[in-house]
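Scroll down for the structure; my scribbles are underneath it.
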Amino acid sequence: MKKTRLERPFYSRPTLVVARELLGKYLIIGNQIGQIIETEAYLGPEDRASHARFKSRKRNYLMFGQAGIAYVYFTYGMYHMLNIITEKEGQPGAVLIRALKPIQNIDGDTSGPGKLTRTLNITKLQNGLDVTQNSLYLEKWEDISNAVVLTTPRIGIDYAGADKNNPWRFLIKS
DNA sequence: ACCCCGATCGTA
DNA sequence: ACGATCGGGGTT
């Protein structure tokens, strides 16, 4: 299949659509490649689990900006989380990359959101990076059929009230 | 200055 | 299911 970098129009769509369609895509960092096998959608201010429920501040301001930008934040005192911003500019949203299947030059565990950033050395240095213009980017690959996609509630957001039940986690069945 | 929380992870 | 862990955001 032809390799094609995902461009801004791909990301400038509703967050749930982007989260679903990122399944199966290749995440590329230099010579390292991993296939995205798990994502979560974080929506706008109405989503009580999303960082967009807060006013735009130092940590979360990227969520309110242009799509196709990497949003990397630090949590639990030890983990970085990799997200890609979605939606039209001014409308907040992001997709959390939660797990990768190693494809090339990946030496380490990429089976969780904290583990994959650790393995790939993704830190706040990549926060704000435009993935349509950089050596960290995503590539079109095989399409994943609905038959092998599983949706569940999101992980680690028990504080989010009714929003904790929304089935906004997407996985490829293995 | 201080307090408290967390988009996790490893172990059980 | 639960505890470890600790940076940093929000507030004082």
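These values consider heavy atoms only, across backbone and side chains, with no hydrogens, waters or symmetry-generated copies. Below, read A as the first sequence line, B as the second, and so on, with proteins coming before strands; counting in each chain starts at 1.
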Members of residues 32-51 of chain A that approach DNA chain B, where some heavy atom sits under 4.0 Å away: A:Tyr42, A:Ala49, A:His51
Among A:Lys25, A:Arg169, A:Lys173, A:Lys101, salt bridge (charged side-chain N to carboxylate O under 4.0 Å, His left out) partner for A:Glu38: A:Arg169
Value in whole Å for how far the P atom of B:dG6 lies from CZ of A:Arg154: 14 Å
Neighbours of DNA chain B within residues 55-73 of chain A, by heavy-atom distance under 4.0 Å: A:Met63, A:Tyr73
Rounded distance (Å) that lies between atom C1' of B:dC9 and atom CD1 of A:Ile157: 18 Å
Distances under 3.5 Å between protein N/O atoms and the N/O atoms of nucleotides 10-12 of chain B, please, pair by pair.
residue : atom : partner  : partner atom : Å
B:dG10  : OP2  : A:Lys115 : NZ           : 3.2

Results of side-chain hydrogen bond (donor to acceptor under 3.5 Å, both in side chains) for A:Asp163 - residues two or more places apart only: A:Asn166
Within one Ile-Leu-Val-Met-Phe-Trp-Tyr cluster: A:Val18 and A:Leu27, side-chain cutoff 4.5 Å: yes
Nearest-angstrom distance from the residue atom CD1 of A:Ile84 to P of B:dA7: 18 Å
Crowding at CG, A:Asn165 (>12 non-hydrogen neighbours, <6.0 Å): yes
Check: A:Tyr42 ring centroid to A:His51 ring centroid under 6.0 Å: no
Pairs touching residues 79-107 of chain A that satisfy ring-ring contact (aromatic ring centres under 6.0 Å, His included), sequence neighbours left out: A:Phe74-A:His80
Atom-pair distance (CZ on A:Phe74; C1' on C:dG9), nearest Å: 13 Å
Where at least one partner belongs to residues 12-21 of chain A, residue pairs that pass side chain to side chain donor-acceptor pair (under 3.5 Å), sequence neighbours excluded: A:Arg13-A:Glu21, A:Thr15-A:Thr86, A:Thr15-A:Glu87, A:Arg20-A:Asn146
Whole-Å gap separating C1' (B:dT8) and CG (A:Leu96): 11 Å
Those residues that, when tested against A:Asp47, pass side-chain hydrogen bond (donor to acceptor under 3.5 Å, both in side chains) (two or more places apart): A:Arg154
Distance, nearest 0.5 Å, that separates CD1 of A:Ile144 from CD1 of A:Ile172: 4.0 Å
Whole-Å distance separating the CD1 atom of A:Ile85 from the P atom of B:dA7: 15 Å
For A:Thr132, side-chain hydrogen bond (donor to acceptor under 3.5 Å, both in side chains) partners two or more places apart: A:Arg8, A:Asp130
Atom pair distance, as rounded to whole Å: CZ in A:Phe54 and C1' in C:dG10: 10 Å
Considering all heavy atoms, the nearest A:Ala94-A:Ile85 contact: CB-CD1, 4.0 Å
Gap between atom CZ of A:Phe64 and atom OG of A:Ser56 - 0.5 Å precision: 5.0 Å
Contact check, side chains of A:Tyr71 and A:Ile84, non-hydrogen atoms, under 4.5 Å: no
Any pair counted as salt bridge (Lys or Arg N to Asp or Glu O under 4.0 Å), so long as it reaches residues 109-126 of chain A, sequence neighbours left out: A:Asp109-A:Lys115
Partners passing side-chain hydrogen bond (donor to acceptor under 3.5 Å, both in side chains) against A:Arg48 (at least two apart in sequence or in another chain): none
Show me the protein contacts with nucleotides 1-6 of chain C, counting only N or O atoms at under 3.5 Å.
residue : atom : partner : partner atom : Å
C:dC6   : O2   : A:Gly77 : N            : 3.3

Shared hydrophobic cluster for A:Val95 and A:Ile28 (ILVMFWY, side-chain gaps under 4.5 Å): no
Contiguous Watson-Crick or G-U pair runs (3 or more, under 3.5 Å) in DNA chain C: B:1-6 with C:6-11, B:8-11 with C:1-4
